[in-house]
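Computation of the quantities below employed the complete heavy-atom set of this structure, encompassing side-chain atoms and omitting hydrogens, waters and symmetry-equivalent molecules. Labels below follow one simple rule: chain letters A, B, ... track the order of the sequence lines, proteins then strands, and each chain is numbered from 1.
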There are 2 protein chains.
Amino acid sequence: MESQGEAGRINQRRRTRKDILAAAARLLRMGRSPGMDDVAAEAGVSRATVYRYFPSVEALLVEAPLDGAVPGPAEVFGGDPSTDPVDRADRAEAILHDMVYRNEGQLRAMLAASLQRGEARAEGVPVRQNRRMPLIRAALAPARSRMSGEAHDTLCAALALMYGVESMVVFSDVLGIGEAQARRIKSWAVRALVRAAMEESEAHASSTRNVMPRASGL
Amino acid sequence: MESQGEAGRINQRRRTRKDILAAAARLLRMGRSPGMDDVAAEAGVSRATVYRYFPSVEALLVEAPLDGAVPGPAEVFGGDPSTDPVDRADRAEAILHDMVYRNEGQLRAMLAASLQRGEARAEGVPVRQNRRMPLIRAALAPARSRMSGEAHDTLCAALALMYGVESMVVFSDVLGIGEAQARRIKSWAVRALVRAAMEESEAHASSTRNVMPRASGL
DNA sequence: AAGTTTGTGAGACAACTGTATCATAATGAG
DNA sequence: CTCATTATGATACAGTTGTCTCACAAACTT
């Protein structure tokens, strides 16, 4: 055999890699912040092998699968007759809220890893993925035609501030607020923002003044 | 001398502590993420001494002073005749916005440090400083008497999601939005939230229904 | 000037991270 | 089956973090 790299023993490597990620996710789900030794022991492989698949513990934790698949827009609003953007935005937040608090430890690790990209960052490390915007867009779909593009983008960006892990960090670490309180506060804020954007768009329909700033590149 | 603890050599200890924090801030301002050795060398003290004042690198970086003092409520609203909570909240956000983007590197390091080893949380060590709540409270002071305590606390918590470093992380890393855009979006959202809370409170004054959830412990 | 208290420096130490090397065992091709 | 390929295990290693102990020197008290 001369073709190396791709066609060595793909199945074995895939299985090992999957086992390592599963072990990491299992430990993260226990609330621990595992080190390489822990992951290796849990996966039943040696520490050196884990390092052969992931260059650092951060890179490993970032790729560890989340508990419970993050539902896409189709799963959330698929067979949904509701057309009220306020309710839909609120419900989308509730779903992401549950996912975030169920995977708190892992998401914190992922956020921390993405923040250290300040100085010297490796090449292959995956950046941050954006799970929230598709959900937000889908939630606001019924109101999309009633708003200007700028108003829609601004609202999307503002909602993105409340939908992700970062809001949980603020609630927990800065404000010392628990999950239930956080959910109630975000629910109120999300509804207020969507309502405000729609009211401004309606007002804009009769006058020519645009209250909302532009927000492109989303 | 038998009374130890308080009256030992307070001045010396204060000076050492200040030097260590200043050294850490100096290194952070260079964009580095210093370790204990670096801080000790920069401060001109031994590594053991640094550990005598701060139990970990995280605790040290969290307390490191920022470039340009964060103005307190007095400096911002001291000789200020404005009483519109919407404008005041917007202006407070603008001030914190400038501070955040001026200290982006250090604040990212501080945020990462606070997330890093979330497992072993020390007892007396503050996880995060809370610079934003005093400003938010001062901004909303003119409206404080016109709202219920629950409505006020909920609004404060919702605003706290937009005032700090975390919103910058969302804008930059998740949405890819620059500073000016971020400021405009936050300005709109802040104004919309304050306005919504005040309108609901006015409506509440005539009816008995309370739309806003409770948020205590701020 | 004692003598005592107390902050500091120096170094040893275990634990963990990330890298490198070598030997072994599993795998697939002939 | 036989043999070369290759993933893996077992180490050893340097670097860092955080703890600890001991000795020294600066301060305060009398």
Side-chain angles (χ1 to χ4, degrees), chain A residues 1-21 23-24 27-28 32-64 109 112-113 116 119-125, chain B residues 1-21 23-24 27 32-63 109 112-125:
Chain A
M1 230 319 169
E2 65 285 346
S3 78
Q4 90 312 355
E6 300 316 308
R9 257 164 334 191
I10 300 237
N11 280 338
Q12 185 180 15
R13 285 192 298 191
R14 259 209 297 264
R15 190 154 28 87
T16 306
R17 183 188 167 87
K18 184 177 59 62
D19 289 348
I20 293 173
L21 286 174
L27 293 176
L28 280 169
R32 308 184 43 186
S33 45
M36 277 303 196
D37 280 321
D38 307 300
V39 177
E42 176 75 19
V45 299
S46 81
R47 205 169 63 93
T49 296
V50 183
Y51 274 106
R52 286 193 185 95
Y53 286 84
F54 302 94
S56 69
V57 56
E58 286 84 15
L60 168 58
L61 298 186
V62 165
E63 290 196 47
Q116 284 177 326
E119 203 155 342
R121 268 315 81 197
E123 299 303 322
V125 291
Chain B
M1 229 316 170
E2 66 281 347
S3 78
Q4 90 317 355
E6 298 317 309
R9 262 177 301 197
I10 301 220
N11 280 338
Q12 186 179 13
R13 285 191 299 189
R14 259 208 297 263
R15 191 155 30 86
T16 306
R17 181 187 168 89
K18 183 176 59 63
D19 289 347
I20 293 173
L21 286 174
L27 293 176
R32 307 183 44 184
S33 42
M36 276 303 195
D37 280 321
D38 307 299
V39 177
E42 176 75 17
V45 298
S46 80
R47 208 169 60 94
T49 297
V50 184
Y51 273 107
R52 284 191 186 97
Y53 286 84
F54 302 95
S56 66
V57 199
E58 289 81 16
L60 169 59
L61 297 186
V62 166
E63 292 196 45
S114 74
L115 293 170
Q116 204 93 47
R117 293 299 179 213
E119 190 73 24
R121 295 234 193 272
E123 300 301 322
V125 184

**Student:** For side chain to side chain contact (heavy atoms under 4.5 Å, CB included), just list the numbers for A:Arg17 and A:Glu63, CA-CA rounded to whole Å, side-chain angles, deciding distance to a tenth of an Å, and then say yes or no.
**Tutor:** CA-CA 11 Å; A:Arg17 183 188 167 87; A:Glu63 290 196 47; 2.5 Å; yes
**Student:** Find the distance B:Leu61:CG to D:dT16:P and express it as a whole number of Å.
**Tutor:** 16 Å
**Student:** Could you check B:Phe54 against B:Arg15 and say which one's nearest nucleotide on DNA chain D is further toward the 5' end?
**Tutor:** B:Phe54
**Student:** What is the distance, to the nearest angstrom, from the CD atom on A:Gln12 to the C1' atom on D:dG9?
**Tutor:** 13 Å
**Student:** For D:dT17, take OP1 and OP2 only and decide whether either is under 4.0 Å from a side-chain N or O of B:Ser56.
**Tutor:** no
**Student:** Starting at CG of A:Asn11 and ending at C1' of D:dT8, how long is that distance when rounded to a whole Å?
**Tutor:** 17 Å
**Student:** Rounding to an integer number of Å, can you tell me how far B:Lys18 NZ sits from C:dG7 P?
**Tutor:** 18 Å
**Student:** Strictly below 4.0 Å, heavy-atom distances to any atom of DNA chain D: list the hits from residues 36-45 of chain B, or just say none.
**Tutor:** B:Met36
**Student:** Just how far, in rounded Å, is P of D:dA10 from OH of A:Tyr51?
**Tutor:** 17 Å
**Student:** Among the candidates D:dA7, C:dT8, D:dG18, find the nucleotide nearest to the side-chain atoms of B:Arg47.
**Tutor:** D:dG18
**Student:** Could you tell me which residues satisfy salt bridge (charged side-chain N to carboxylate O under 4.0 Å, His left out) with B:Asp37, sequence neighbours excluded, listed by chain and number?
**Tutor:** B:Arg47
**Student:** Search all heavy atoms of B:Leu60 against all heavy atoms of B:Val39 and return the closest pair with its distance.
**Tutor:** CD2-CG1, 3.7 Å
**Student:** Start at the 5' end of DNA chain D and walk down; is the nucleotide closest to A:Thr49 or to B:Pro34 reached first?
**Tutor:** A:Thr49
**Student:** The criterion is side chain to side chain contact (heavy atoms under 4.5 Å, CB included); which residues satisfy it with B:Asp19, sequence neighbours excluded?
**Tutor:** B:Arg15
**Student:** Can you tell me how far apart CD1 (B:Ile20) and CZ (B:Phe54) are? Round to the nearest 0.5 Å.
**Tutor:** 6.0 Å
**Student:** Please report, rounded to the nearest Å, how far the P atom of D:dA27 is from the CZ atom of B:Arg13.
**Tutor:** 14 Å
**Student:** Grab the two heavy atoms, one from A:Ala24 and one from A:Ala64, that are nearest each other, plus how far apart they are.
**Tutor:** CB-CB, 4.3 Å
**Student:** So, using side chain to side chain contact (heavy atoms under 4.5 Å, CB included) as the criterion, who are the partners of A:Ala41 when residues are at least two apart?
**Tutor:** none
**Student:** With a 4.0 Å cut-off on heavy atoms, is A:Tyr53 in touch with a base, just the backbone sugar-phosphate, or nothing at all?
**Tutor:** sugar-phosphate
**Student:** Give the intermediate values and the outcome of side chain to side chain contact (heavy atoms under 4.5 Å, CB included) for residues A:Arg52 and A:Thr49.
**Tutor:** CA-CA 5 Å; A:Arg52 286 193 185 95; A:Thr49 296; 3.6 Å; yes
**Student:** Which residues pass the side chain to side chain contact (heavy atoms under 4.5 Å, CB included) test with B:Val57, not counting sequence neighbours?
**Tutor:** B:Met36, B:Leu61
**Student:** Which protein N or O atoms sit under 3.5 Å from an N or O of nucleotides 21-24 of chain C?
**Tutor:**
none

